[in-house]
Amino acid sequence: DQQVKQNSPSLSVQEGRISILNCDYTNSMFDYFLWYKKYPAEGPTFLISISSIKDKNEDGRFTVFLNKSAKHLSLHIVPSQPGDSAVYFCAASGSARQLTFGSGTQLTVLP
Amino acid sequence: GAGVSQSPRYKVAKRGQDVALRCDPISGHVSLFWYQQALGQGPEFLTYFQNEAQLDKSGLPSDRFFAERPEGSVSTLKIQRTQQEDSAVYLCASSPSGTQNTGELFFGEGSRLTVL
């Protein structure tokens with residue numbers, strides 16, 4: 001039973017364009033959502049987060065949008081850069097301390 | 001170092017062998033987590049410590065898995081009688097917060113276990 005789903009295993013975009021990564025969740029008790037970025041042979045690193053009381057959080061080129069009614073969140077990267085090529089994981093937390101992760105989306109930014 | 005350190009980075013074990021994976025969290029971090037990441041999947045929660053107390057071990061897949069953090073700093077994940085399905089990357093993460101759910105986690109590079 002996957003509580004956090006990333007339905008696109010991969011995404012390719014041209015440098016300078018917008019990248020949109022999507023994530024769906026099923027557990028309505030989740031109240032905090034995060035995006036992590038992972039390069040090969042490295043651990044995931046925190047990118048951006050959003051509380052369930054908000055619908056948008058922005059940090060430089062990265063913006064996360066949350067639609068609670070649809071149980072959907074998305075990460076927008078604009079403009080995309082080749083260094084953004086990595087696996088992006090969506091994660092969620094609720095009353096329990098641990099994070100529940102999606103299966104990841106491999107983003108490739110083409111120069 | 002300043003980050004979470006894990007060792008060994010790579011471990012090959014024969015089926016039935018016991019293995020021990022070590023995690024050195026960031027100094028002063030209260031919370032420590034272990035995750036298991038199978039190929040092509042996201043990290044899956046195994047267990048959580050707050051200081052030396054193991055507060056949640058609901059993700060441990062069987063009684064062959066055991067974790068400890070005796071002095072509230074370094075943690076060891078032990079897998080007894082390894083099976084092929086144990087092959088995965090084992091990630092350790094720490095957090096300065098002991099109570100908040102909203103804190104980001106700082107991950108180590110992981111220990112890749114291959115069971116032959």
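Per chain, numbering begins at 1; letters A, B, ... match sequence-line order.
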Heavy-atom cut-off 4.5 Å, strictly under: side chain, backbone, both or neither for B:R9 against chain A? side chain
Less than 6.0 Å separating the ring centroids of B:F106 and A:F46? no
Here the pair of heavy atoms bringing B:L91 nearest to A:G43 is CD2-CA, 4.4 Å
Would you find more than 12 non-hydrogen atoms of other residues, nucleotides or ligands less than 6.0 Å from B:R15 atom CZ? no
Please tell me if the side chains of A:L99 and B:P43 come closer than 4.5 Å, counting only heavy atoms from C-beta onward. no
Within a radius of less than 6.0 Å around CG of B:L39, do more than 12 heavy atoms belonging to other residues, nucleotides or ligands occur? no
Under a 4.5 Å cut-off applied to non-hydrogen side-chain atoms, are A:Q98 and B:Y35 in contact? yes
Spatial distance of atom CD (B:Q37) from atom CZ (A:F89) [nearest 0.5 Å]: 4.5 Å
More than 12 heavy atoms of other groups within 6.0 Å of B:R64 CZ: yes
Above 12 or not: heavy atoms from other molecules or residues under 6.0 Å from CD of B:E71? no
Under 4.5 Å from any heavy atom of chain A, what part of B:Q6 do you find: side chain, backbone, both or neither? neither
Step through the shown structure and confirm whether more than 12 heavy atoms of other residues, nucleotides or ligands are within 6.0 Å of CD on A:Q3. yes
Backbone N or O of B:L105 within a donor-acceptor pair of the A:Y36 side chain at under 3.5 Å? yes
